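Here the structure is a predicted model, which is why all the values come from computation and not from measurement. Start at 1 with the first residue, then count along the sequence.
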Amino acid sequence: MRSRFAYLLGLPLCWSLSIPHASAQMNMTPEARAANRAAEAAQQESEAEGELPPPELMLELWGVPVKEPYAIDRANMIRIAVEQELTAPGQRSSLRRAASLRGEAMRADGAVRSRALALRLAHARLDQHGALNSHRVHLVHLQVSERTLTLARARHAAGGSLQDVTMAEVETARARALVVADEQRALTSQLLAEALRGAGALEPTRERPELVALRKARDAELAQADAERTRNGWFAPRIGASYFPPSGGMDEHSFGVSLGMKLPWLWGRRSGSEHAAAGRAHAMSEELVAKQRDIELEVVEARGAVNAARSSLTVLREQVLPATTRARELAQAAYASGQGRLEQLLQAEAQQVDTEMQIVELETELAHRSADLDFALGRVSAPSTSTEKHYEH
């Protein structure tokens with residue numbers, strides 16, 4: 001574990017959390033691949049919707065004697081026909097468009113799930129980076145605690161208090177426990193990032209895929225409603241060609257042509273399916289409005305969290321940290337000279353560590369909230385979490 005964590009400590013502090021671009025099917029997430037497969041199926045369905053209904057082959061026998069049912073040649077009429085039903089103008093194009101839009105909505109839905117995984121990967125990397133910074137702070141604190149323990153033992157050897165040695169030993173043990181905890185946090189975050197390594201296959205998007213999916217699905221329902229309206233409002237013609245072989249009293253070969261049509265308006269339009277599709281489209285329009293509102297709220301909340309973290313971080317860096325550093329240095333100098341008390345030194349060191357840990361936590365929080373803001377705005381990269389400050393006492 002030590003060697004593996006040493007590798008983690010060797011990682012650069014500047015993290016670029018950009019999500020790699022998808023260039024091939026193999027770089028896609030399982031969610032994106034599943035969405036593409038479903039979209040391809042929808043595309044195939046749209047091609048099928050654009051075809052005419054299959055023709056019908058018909059055979060009719062009229063006037064076959066009941067006593068001789070196999071005497072086909074004595075039938076009054078034998079008819080062999082092929083009939084083809086034609087669809088209403090525009091119906092098939094509307095159906096094709098509806099199926100194609102459903103496929104696009106499926107792809108957008110796959111992008112929604114892929115982006116969620118990409119955000120999770122970004123947060124895992126930020127957690128790992130935060131654990132590394134926390135480890136640096138606690139490691140320096142451990143070194144300071146060990147030096148304080150050395151001073152306490154030296155004073156005890158010269159006749160000082162044994163209680164100071166015990167207090168310094170307790171503080172050193174606590175610092176060592178925090179260092180070990182940071183190592184485990186960093187390793188856990190690294191394992192999570194490795195498990196999500198393929199989750200970042202996204203390209204920048206101008207619009208949140210949630211909105212794209214809802215809009216495409218709504219437009220698909222509108223196209224379906226158009227197809228149903230056309231089918232219910234226009235006659236559906238049927239044409240056929242017939243062949244009559246010699247039979248009964250007819251000695252010659254002959255042919256015939258048939259024409260027919262459906263009359264959808266005779267008993268009133270059968271508009272239930274049209275109204276259902278239109279109703280689904282209206283519902284999705286409302287969902288689209290609600291999703292746009294939710295995204296706007298998400299952006300406002302994320303931007304507010306970024307501003308709050310940045311403001312607090314500025315105060316800690318520019319005002320609180322210099323004050324706690326001076327207080328610790330004064331207490332350390334007083335104790336080293338034999339004038340100060342160990343309690344004062346330990347309190348000053350604790351304030352120093354607490355301030356540095358607050359800075360680390362706020363830096364990590366700012367990076368997380370910036371990633372959330374980028375996600376809410378449709379961007380795919382989080383700002384760098386690099387810090388030029390080195391935690392040294």
Looking at residues at least two apart in the chain, or sitting in another chain, which of them share a side chain to side chain contact (heavy atoms under 4.5 Å, CB included) with A305?
R369
Nearest-0.5 Å distance that lies between atom CZ in R153 and atom CG in L162
10.5 Å
Taking the side chain as C-beta and beyond, is there a heavy-atom pair between D372 and H123 under 4.5 Å?
yes
Between CG on residue D226 and CD on residue E228, distance to nearest 0.5 Å:
10.0 Å
Pairwise side-chain contact, M167 with L346, heavy-atom cut-off 4.5 Å (strictly under):
yes
Might you point out which heavy atoms bring L222 and A281 nearest each other, and give the distance in Å?
CD2-CB, 3.5 Å
Any chance CD of Q143 has more than 12 other-residue heavy atoms, nucleotides or ligands included, within less than 6.0 Å?
yes
Closest non-hydrogen atoms of S312 and L362, given as atom of the first, atom of the second and distance, are CB-CD1, 3.7 Å
Closest non-hydrogen atom pair, Q352 against L321
NE2-CD1, 3.9 Å
Is any side-chain heavy atom of T324 closer than 4.5 Å to a side-chain heavy atom of V320?
yes
Going hydrophobic residue to hydrophobic residue with side-chain gaps under 4.5 angstrom, can you get from I295 over to L288?
yes
Output the distance between atom CZ (F244) and atom NE2 (H253), rounded to the nearest 0.5 Å.
13.5 Å
Are Y243 and L59 in one and the same hydrophobic cluster, where Ile, Leu, Val, Met, Phe, Trp and Tyr link if side-chain heavy atoms are under 4.5 Å apart?
yes
Minimal heavy-atom distance between A348 and A331, with the atoms involved, is CB-CB, 3.9 Å
Side-chain hydrophobic cluster, 4.5 Å single linkage: members besides L259
I239
Under 6.0 Å from the CZ atom of R113, do we count more than 12 heavy atoms belonging to anything else shown?
yes
Determine whether S189 and E194 satisfy the following criterion, side-chain contact (heavy atoms from CB on, under 4.5 Å), listing intermediate values before the conclusion.
CA-CA 9 Å; S189 299; E194 289 176 354; over 6 Å; no
Restricting to side chain to side chain donor-acceptor pair (under 3.5 Å), what partner residues turn up for K216, sequence neighbours left out?
E104
Heavy-atom check, side chain of M58 versus side chain of V82, under 4.5 Å
no
May I ask you to decide whether K291 forms a salt bridge with E286, counting only side-chain N to carboxylate O separations under 4.0 Å?
no
So, the side chain of T355 versus the backbone of Q351: is there a donor-acceptor pair under 3.5 Å, distance only?
yes
Spell out, yes or no, whether I80 and V64 are grouped together once hydrophobic residues are joined by side-chain heavy atoms under 4.5 Å, including indirect joins.
yes
Should L214 and R218 count as side-chain neighbours, where that means a heavy-atom distance under 4.5 Å?
no
Check this for me: does any side-chain nitrogen of one of E207 and R215 sit under 4.0 Å from a carboxylate oxygen of the other?
yes
Under the rule for side chain to side chain contact (heavy atoms under 4.5 Å, CB included), what residues qualify as partners of R303, not counting sequence neighbours?
V299, N307, L373, L377
Interatomic spacing from NE2 in H141 to CD in E349 - rounded to 0.5 Å
6.5 Å
State, yes or no, whether a side-chain contact exists between E60 and I78 at a heavy-atom distance under 4.5 Å.
no
What are the two closest heavy atoms between D109 and A213, and how far apart are they?
N-CB, 4.1 Å
If you look at every heavy atom in R115 and P209, which pair is closest and at what distance?
CD-CG, 3.6 Å
Worked check of side-chain contact (heavy atoms from CB on, under 4.5 Å) between L366 and V306:
CA-CA 6 Å; L366 177 59; V306 167; 3.8 Å; yes
Flag the pair R328 / T325 as yes when at least one side-chain heavy-atom distance between them is below 4.5 Å, and no otherwise.
yes
Does the side chain of E363 reach to within under 4.5 Å of the side chain of R317, using non-hydrogen atoms?
yes
Determine whether L192 and L121 fall in the same hydrophobic cluster, where Ile, Leu, Val, Met, Phe, Trp and Tyr are linked whenever their side-chain heavy atoms lie under 4.5 Å apart.
yes
Under the salt bridge (Lys or Arg N to Asp or Glu O under 4.0 Å) criterion, do E298 and R208 qualify, and how do the steps go?
CA-CA 12 Å; E298 186 180 343; R208 288 279 293 267; 3.5 Å; yes
Let me see the working for R102 and Q224 under side chain to side chain donor-acceptor pair (under 3.5 Å), right down to the final yes or no.
CA-CA 11 Å; R102 290 190 186 98; Q224 185 70 34; 3.2 Å; yes
So, using side chain to side chain contact (heavy atoms under 4.5 Å, CB included) as the criterion, who are the partners of S134 when residues are at least two apart?
H138, D182, R185, M357, V360
Tell me, please, which residues at least two apart from R238 pass salt bridge (Lys or Arg N to Asp or Glu O under 4.0 Å).
E56, E83, E85
Inter-residue atom distance Q128.CD - R125.CZ, 0.5 Å rounding:
9.0 Å
How long is the span from the CG atom in L132 to the CD atom in Q190, to the nearest 0.5 Å?
9.0 Å
